[in-house]
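Just so you know, these numbers use all the heavy atoms, side chains as well, and skip hydrogens, waters and symmetry mates.
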Amino acid sequence: MIYTVTLNPSVDFISRVENMRVGEINYSTEDRMVAGGRALMVSRILHTLSIPTTATGFIGGHTGSYIEEELDREGILHDFIRTKSNTRLNMSLFVDAVETRILGRGGEIQSSEVNDLLYYLSRIREGDYLVVAGSLPPRMDNDIYERMFDIATVNGAAFLPIIAPEPLKKALVKKPLLIAPTMKELCTLFSVDEIRPKEVVNYAKQLLSEGAQNVLINRERAGSLFVTADGEVYQAEGPQGSIVSATYTNMALIAGFIGNYMRSNDAKKAFPSAQGCANATYAVETLPSLATIRQAVAAVQVTRLA
C-alpha cells in the first residue's frame, strides 16, 4: 500500500475570468472546486493509474468534509485525522488563460492530533510506501517529518519526502527511496544562488552520497534529470505542447515514479513514467485522464548521459 500524508490539505477553488478589471465587479465564466494538497494529488493520480493508495493527514470543518466527499466520489481510500481547525481554502484564478494562485494559511493542529496521526502511521509495514508532501500547518514544528520517517524506517517501509529543503536535508540520513527537488530547491539545499546545467549532476550525486537512494531533479518545463543509486544519469524532456497549468505537475512526477516503481521495483523503468505523468498534467488545469497519461508516457524521450 502507498500511504500519502497531506499535513495541510486544501479545497482549491478554480475560477476563470476574461478581461478582468481590477477594482470593479467581474463575473467568472467558469467556477469549480477540487480537493487539493500535494500528497493528496499523488493519491488521486495513483488512483487514476489503478495503484492502491490511502490518503491521510489532517482535515477539519466543512472544507475537510468536502475533501472526504470528493475522495469518496472518486473511489479513493482515505483515513484522515479530524481536527478542530478548518481545512484551508486556496484559489486558482485564470485571467485570460494566465494562472494566479492564492494559498490559504490553514489552522493550527493540536499536539493530540499530531499523536493520533503518528499512531495511525504505525500500521505501515515492509513493502509499504510513505509519501509525505506539502507545507506544514501554522506553528507546526519540522520534527513531525523526522517522527514520520522514523516510523517508516523502523517498520521497514520506503519513504519519499517531498518537502522543503531544510527538513529534506535532515531526512537524507534515513535513506529515502527518492527525492525530487526543483532547481530552485536544489540551490537552497546547497546555499548557492545559481546552478549551471553542467553542475546539476554533481549536486545530485552529492545528495546520493548523503543518503538518498535515487535523485530526480525536477527542471520543470525543461524536463528532469535522474541519477540512480549506482550513479547512472538519465535525462527526460519536458512537455512539448502548450502549457495550461503547472500547479500539480511536481506531484504528478512523484505519482508516476512511485506507481511504476511499486509494480516493477526498478527505478530506471519508473523514470519515464514519472516524466510522462508530469507532461500530461501540464496540458490540463487539474489532473489528466488515464488515456492522456498513457499517451504522454509513450512519447517521453529518455537519454542516458552517463
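Contact record, Pro9 with Phe58: CG-O, 2.9 Å, taken as the closest heavy-atom pair. Across Gln213 and Leu177, no two heavy atoms sit closer than the pair CB-O, 3.5 Å. Closest non-hydrogen pair, Ile293 versus Pro288, comes out as CG1-CG, 3.6 Å. Of all heavy-atom pairs between Thr6 and Leu40, the closest is OG1-N, 2.9 Å. Closest heavy-atom contact between Gly256 and Ser273: O-CB, 3.5 Å. Contact detail for Cys187 and Asp193: the closest heavy-atom pair is SG-O, 4.0 Å.
Glu232 and Tyr234 form a side-chain donor-acceptor contact under 3.5 Å, judged by distance and modelled atom types alone. Judged purely by distance below 3.5 Å, without hydrogens or angles, the side chains of Asn115 and Tyr120 never pair a donor atom with an acceptor atom. No side-chain N or O of Ser245 forms a donor-acceptor pair with one of Arg101 less than 3.5 Å apart. At a cut-off of 3.5 Å, with distance as the only test, no side-chain donor of Glu113 or Thr83 sits close to an acceptor on the other residue. Thr281 and Thr249 share no side-chain donor-acceptor pair at under 3.5 Å. Side-chain contact of Glu99 with Thr247: a donor-acceptor pair under 3.5 Å is present, judged by distance alone. With hydrogens and angles left out, the side-chain atoms of Ser15 and Asp31 include a donor and acceptor closer than 3.5 Å.
With Asp128 contributing its side chain and Met1 its backbone, the two residues share a donor-acceptor pair below 3.5 Å. A donor-acceptor pair under 3.5 Å links the side-chain atoms of His47 to the main chain of Glu74, judged by distance alone. Not a single donor-acceptor pair under 3.5 Å links the side chain of Glu146 to the backbone N or O of Asp143.
Tested against Ile124, the residues Tyr3, Phe159, Tyr129 include a single side-chain contact (heavy atoms from CB on, under 4.5 Å) partner, Tyr3. With Ile195 as reference, Val200 is the one residue of Ile217, Val200, Asn202 to meet the side-chain contact (heavy atoms from CB on, under 4.5 Å) rule.
Under the 4.5 Å side-chain criterion, counting only non-hydrogen atoms from C-beta, Leu118 is not in contact with Ser122.
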Can Ser65 and Arg82 be said to form a side-chain hydrogen bond (donor to acceptor under 3.5 Å, both in side chains), step by step?
CA-CA 10 Å; Ser65 296; Arg82 271 276 170 183; 2.8 Å; yes
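Counting non-hydrogen atoms of other residues, nucleotides and ligands closer than 6.0 Å to CD of Gln295 gives a total of 12 or fewer.
Cation-pi contact between Lys169 and Phe190: present, with separation from the ring centre below 6.0 Å and deviation from the ring axis of at most 45°.
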